[in-house]
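The structure appears right after this line, and notes come after that.
None of the values given here were measured: they were computed from a predicted structure. Atoms within a ligand are numbered from 1 in the order they appear, just like the ligands themselves.
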Amino acid sequence: MDSPTTETTPPPPTLSGPFVGAIDEGTTSARFIIFRAGTDEIVCFHQIEVESIFQKEGWCEQDPMAIVNTVNECITGACKKLVAVGGKVEEIITIGITNQRESTVVWDRNSGQPLVNAIIWLDNRTTSTVEELLETIPNNARNINYLRPLCGLPLSPYFSGVKLRWLRDNVPVVSQAMEKGTAMFGTIDTWLMYNLTGGKDCGVHKTDVTNASRTMLMNIETLQWDANLLKFFGLPKTILPEICSSSEFYGSIAQGVLQGIGITSVLGDQQAALVGQQCLAKGQAKATYGTGCFLLYNTGPSIVHSTHGLLTTVGYQLGRKAVPFYALEGSVSIAGAAFNWLRDNMNLIQNSGQIETMASTVDNSLDVYFVPAFNGLYAPYWNQDARGVICGLSEETTSEHIVRATLEAVCFQVRDILDSMHKDCKIPLAKLMVDGGMTVNNLFLQLQSDLVGIQVLRAKIAETTALGAAMAAYKAVENRYQMEAPLSKSGPREAIKPSISATDRNLRYQKWKMAIDRSLNWETSTLPQGEREAFDGA
Ligand SMILES: Nc1ncnc2c1ncn2[C@@H]1O[C@H](COP(=O)(O)OP(=O)(O)O)[C@@H](O)[C@H]1O
Ligand SMILES: O=P(O)(O)OC[C@H](O)CO
């Protein structure tokens, strides 16, 4: 007789660790991504958009508590997904943080509550602060590069020190707290870490060298807060976090699903992408295309001071005793953000999925050039008074041409930066590693390769920023981990090669430069004297 069969439910799936988590708090969205440790394999992730608040023209803020709550929701969401695919949260051995840089938070030491909304890096309210600071430069020099030898950066509304000075001058609750010693300052990494490690009760107040290098307050050589820079900006040292390396133990998570797990890396998002792209040797470069676009060129342990409008920044320092690696950076403030504008303000597109389809229906941009200098132009121009222009419109121009010209605008801005990098470093780049939200767009990558005339190599995973933070976090807990070793078994990166002639490329670039000329100094431009008088008299 056959033995009776018993109905059994299949065992739940199992997925063994160890895992490493990475918080990626970007300008547009926050995400928590869980990787299999030491690889680029994403086990699961959870992503939520973060709302920006535009109170006045040129202002851009976010609610600091909303940032913390969104990150906590992402952590909870991703951990649930981990369990659903058979993994165990206890096997997450460590986590890293990567973040939108320069965005500035000030909070109260006693309550742990923010004193104002976070001023986001894109925010342009501080143009007048820059003007006032320029007036204080000796010999009436008004030189935006005056502080470069100390901090590697030009004076610009972009950086946290300028935003902090604006808060000191314009928000009494902040200036009073600074005077009383109850104010605490942090970029988004610091604010998140403070909250994750216990807030007002026991939250740690730390940052890493990459984020600190974007404040204009850190000395680029000593990697410590600089007394002369603090004096220039009129800011007290008591508000500043402790500067640490990018890969070490910062503190443990105080509550929630990850309670007790250590935070062992912090990197600004662009530096994290440099690590995630494994651009770990001098001479390697990457471009990340998200809200903005940022090209980082690894200059190894040497500090290269740009004479062509690039920034000198810390690339990473992977351990307390590790040698810091530096980078030259070309920053473009409006890249993917130009498509948000086409969608939200112009109604030219409904979603980002349409961009490639629309731009592909036309063979070229019909000589339309779009300079999206909404908040001035960053590298290499550093012209805070530039404003956006669209040139070359004709009766034949359609939405499709404008969408295509918007893609090309990002490509031309990258050409501007590559030209500066070539001048500063002398060696032309043979290829460019690319990543970020815009790189899902195949047409865009072809245009990028065509308009700069070099090979473009698409990253194997889109989340290189989070990957860089995960790699640095794992390095802090696993001595044997080699960051240069292959991360995955999948084949080589996809290479996109130029398909237009150098003559065509250069002609189009000259037209771009003409469009740039029309956008520069727009905000402060006035009519020539004679014409103004005629107008006033009319
Ligand atoms: N297919 C696409 N073509 C062009 N741009 C895109 C496409 N998909 C997304 N984007 C742009 O990429 C940006 C989002 O990229 P992401 O890397 O997530 O940004 P961030 O890290 O700044 O939050 C948005 O500004 C969006 O407009
Ligand atoms: O939000 P992203 O990815 O465009 O990055 C923002 C930069 O860190 C600003 O410097």
NZ/NE/NH1/NH2 to OD/OE distance under 4.0 Å, Lys475 and Glu248: no
Passing option when Thr288 is tested against Thr464, Asp269, Asp435 for side-chain hydrogen bond (donor to acceptor under 3.5 Å, both in side chains): Asp435
Trp59 and Phe54 aromatic centres sub-6.0 Å: no
Heavy-atom side-chain proximity of Phe159 to Arg214 below 4.5 angstrom: yes
Atom 20 (P) of ligand 1 [closest protein heavy-atom partner, distance rounded to 0.1 Å]: Thr291 OG1, 3.6 Å
Close-contact set for ligand 2 against Tyr158 heavy atoms, below 4.0 Å: 9 (C), 10 (O)
Close approach, Gly292 and ligand 2, non-hydrogen under 4.0 angstrom: yes
Phe19 ring center near Phe35 ring center (under 6.0 Å): no
Heavy atom of the protein closest to atom 24 (C) of ligand 1 (residue, atom name, distance): Asn340 OD1, 3.8 Å
Heavy-atom nearest neighbour in the protein, as seen from atom 15 (O) of ligand 1, with distance rounded to 0.1 Å: Gly437 CA, 3.4 Å
Atom 5 (N) of ligand 1 [closest protein heavy-atom partner, distance rounded to 0.1 Å]: Met438 CG, 3.3 Å
Protein contact to atom 1 (O) of ligand 2 [nearest heavy atom, distance to 0.1 Å]: Thr27 OG1, 2.4 Å
Lys/Arg-Asp/Glu bridge criterion (N-O < 4.0 Å) met for Glu494, Lys460: no
Interatomic spacing from CE in Met193 to OG1 in Thr187 - rounded to 0.5 Å: 8.5 Å
Within-cut-off N or O pair, Val440 and ligand 1, under 3.5 Å: no
Proximal atoms of ligand 1 relative to Thr28 (non-hydrogen, under 4.0 Å): 22 (O), 23 (O)
Which residue and heavy atom of the protein sit nearest atom 7 (C) of ligand 1, plus the separation: Ser352 CB, 3.7 Å
For atom 3 (O) of ligand 2, closest protein heavy-atom neighbour: Asp269 OD2, 3.2 Å
Aromatic ring proximity Trp107/His205, centre distance under 6.0 Å: yes
Nitrogen or oxygen atoms of Gln47 and ligand 1 under 3.5 Å apart: no
Proximal atoms of ligand 1 relative to Ser29 (non-hydrogen, under 4.0 Å): 23 (O)
Side-chain ion pair, Asp419 and Lys423, N-O less than 4.0 Å: no
Residue Ala337 vicinity, atoms of ligand 1 by number, heavy atom under 4.0 Å: 25 (O)
Tyr289/Phe294 aromatic ring centres below 6.0 Å: no
Phe339: numbered ligand 1 atoms lying under 4.0 Å from its heavy atoms: 5 (N), 27 (O)
For atom 18 (O) of ligand 1, the protein heavy atom that lies nearest, with its residue and separation: Arg31 NH2, 3.0 Å
Trp341-Phe370 aromatic ring centre distance below 6.0 Å: yes
Separation of Gln100 CD from Leu122 CG (nearest 0.5 Å): 8.5 Å
Closest approach of any protein heavy atom to atom 3 (N) of ligand 1, naming residue and atom: Asn441 ND2, 3.1 Å
Sub-4.0 Å atoms of ligand 2 with respect to non-hydrogen atoms of Gln100: 8 (O)
Proximity to ligand 1 by part of Ala335, non-hydrogen separation under 4.0 Å: neither
Nitrogen or oxygen of Trp121 less than 3.5 angstrom from that of ligand 2: no
salt_bridge(Asp450, Arg505) N-O dist < 4.0 Å: no
Reported CG-to-CD1 distance for the pair Asp189 and Ile97, which is rounded to 0.5 angstrom: 7.0 Å
Atom 4 (C) of ligand 1 - nearest protein heavy atom and its distance: Ile355 CD1, 3.4 Å
Contacting atoms of ligand 1, where contact means under 4.0 angstrom from a heavy atom of Thr27: 23 (O)
Within reach of ligand 2, part of Glu102 (heavy-atom separation under 4.0 Å): side chain
